[in-house]
Amino acid sequence: MTIHPITITGEPVLHTRAEPVTEFDARLRTLVEDMYATQEAAHGVGLAAPQIGLGLRIYTWSMANDDGVPTLGHVINPYVKATKPAVGEPDRDNESEGCLSVPGYSFPLRRGESAAVTGYDWDGNEIAFSATGWFARCMQHEYDHLNGFLYVDRLGDKWKKKARKAVKAEGWGVPGLTWMPGEGPDPFGHDDPDLDDEDLDTE
C-alpha cells in the first residue's frame with residue numbers, strides 16, 4: 001500500500017466535480033487500499049479521492065458509529081441524501097469540522113443529523129445504509145468533496161471570512177500544494193499527547 005500526499009485547498013481537483021468510476025478491477029482495489037493507508041497515516045476519519053489528486057467518485061472512512069456500519073469502509077459512485085440541518089447558528093464546541101485539505105483548522109458548521117448512503121463496493125456490489133450523528137456528518141463531508149466543495153465553502157458568513165483569512169495567511173488557494181501524512185508534525189495535533197482525540201476528528 002502507498003501513502004499519498006494530500007492536496008490542499010486551491011488544487012483544481014478539489015474544486016471540480018469528480019468523475020464516476022467505470023472499471024471495477026484490481027487497480028480500483030489497490031487505490032482504495034492506498035486511500036485506507038493514507039487516511040490512517042493522516043489520522044483522518046474520512047478521505048475522498050480528490051484529496052489525493054484523483055478526480056474519481058470514491059471515498060473512504062474510518063469511524064465508529066451507532067448505525068451497524070463497519071468502522072472501516074469505502075463507497076464507489078455514492079449518492080448521499082441528508083436531512084436538512086436544524087435552523088440556527090452552529091455550536092463552536094460541538095459542531096466544528098476539520099478537513100485534511102485545510103490542514104490545522106476547524107470551523108463550526110451545522111449539517112443534517114442523518115443521511116442515507118447508496119453506492120457500490122470495490123467489487124461492484126451495491127451498498128446502502130443510513131448514517132446518524134457524526135457519522136452522518138462524515139458522509140456529507142466526503143460526498144461534498146466528490147462534488148467539488150470543501151466544508152469551508154458551506155460556512156456561514158462570519159466563519160467563512162475567518163476561513164478565507166486563514167487560507168490567505170497560509171499562502172494556500174493556489175495549485176500545487178500538498179502535505180505528506182507521517183512527515184513532520186501532524187497539522188491537527190494528533191501527535192500531541194496533551195490533546196484529546198475526541199477533539200481531533202478530521203475528514
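Sequence positions, counted from 1, serve as the residue numbers for this chain.
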Value for CG (L31) from CG (L54), rounded to nearest 0.5 Å, stands at 6.0 Å
Distance col, row R137:CZ vs R110:CZ, nearest 0.5 angstrom, shows 9.0 Å
Heavy atoms of P50 and A18 approach each other most closely as CG-CB, 4.4 Å
Notebook entry, point to check: Do E89 and K158 sit within salt-bridge range, that is, some charged N less than 4.0 Å from a carboxylate O?
Noted result: no
Relative to the ring of Y79, is the ring of Y143 parallel (under 30°), tilted (30 to 60°) or perpendicular (over 60°)? perpendicular
Value for CD1 (I76) from CZ (F24), rounded to nearest 0.5 Å, stands at 6.0 Å
By side-chain contact (heavy atoms from CB on, under 4.5 Å), E19 pairs with (sequence neighbours left out) none
Do Y36 and V21 belong to the same hydrophobic cluster, where Ile, Leu, Val, Met, Phe, Trp and Tyr are linked whenever their side-chain heavy atoms lie under 4.5 Å apart, directly or via other members? yes
Residues at least two apart in sequence or cross-chain that pass side-chain contact (heavy atoms from CB on, under 4.5 Å) with N125, listed by chain then number, are D121, D123
Requested in this report: Could you check whether the rings of F107 and W159 sit parallel, tilted or perpendicular, using 30° and 60° as the cut-offs?
Outcome: tilted
Looking at H141, is its backbone amide N or carbonyl O close enough to the side chain of D144 to form a donor-acceptor pair, meaning the two atoms are under 3.5 Å apart? no
Same apolar cluster (I L V M F W Y, side chains within < 4.5 Å links), M1/W61 | no
Review item, side-chain donor-acceptor pairs of residues 165-183, under 3.5 Å, at least two apart:
unit_1 : atom_1 : unit_2 : atom_2 : d
E170   : OE2    : Y105   : OH     : 2.6
W179   : NE1    : L100   : O      : 2.8

| query | Side chains of V117 and I127: does their closest heavy-atom pair fall under 4.5 Å? | reply | no
Requested in this report: Check for a donor-acceptor pair, side chain of T83 on one end and backbone N or O of E113 on the other, with a separation under 3.5 Å.
Outcome: yes
Side chains of Y59 and L146, heavy atoms from C-beta outward: is any pair under 4.5 Å? yes
Is it the case that more than 12 heavy atoms not belonging to D66 sit under 6.0 Å from its CG atom? no
For I6 and S101 the tightest heavy-atom approach is CG2-OG, 4.0 Å
| Looking only at atom types and distance, does a side-chain atom of T38 sit under 3.5 Å from a main-chain N or O of H4, one as donor and one as acceptor? | yes
Margin query: Could you see if M63 belongs to whatever hydrophobic cluster contains F129? Use Ile, Leu, Val, Met, Phe, Trp, Tyr and a side-chain cutoff under 4.5 Å.
Written below: yes
Check: Q51 and E142 side chains under 4.5 Å, non-hydrogen atoms | yes
Hey, does C99 have a side-chain heavy atom less than 4.5 Å from the side chain of V152? no
_With clusters defined by side-chain heavy atoms of hydrophobic residues (ILVMFWY) lying less than 4.5 Å apart, directly or transitively, does I3 cluster with M35?_
no
Heavy atoms of V13 and T7 approach each other most closely as CG1-CG2, 4.4 Å
query: Is there a donor-acceptor contact under 3.5 Å from the side chain of D67 to the main chain of T132?
result: yes
Rounded to the nearest 0.5 Å, the CG atom of L72 sits from the CD atom of E40 at a distance of 8.5 Å
When rounded to the nearest 0.5 Å, the distance separating OG of S114 from NZ of K84 is 13.5 Å
Correct closest heavy-atom pair for T2 and A37 would be O-CB, 4.3 Å
Heavy-atom closest pair (N65 atom, V69 atom, distance to 0.1 Å) is ND2-O, 3.0 Å
Exercise. When hydrophobic residues are tied together by side-chain contacts of less than 4.5 Å, even through go-betweens, does L47 share a cluster with Y120?
Worked result: yes
| said: Using side-chain heavy atoms (C-beta onward) and a distance below 4.5 Å, is P90 in contact with L109? | reply: no
Correct closest heavy-atom pair for D153 and G148 would be OD2-O, 4.4 Å
*asked:* Checking the side chain of D25 only, and the main-chain atoms of R27 only, is there a donor and an acceptor separated by less than 3.5 Å?
replied: yes
CZ (R57) and NE2 (H145) are apart, to the nearest 0.5 Å, by 13.0 Å
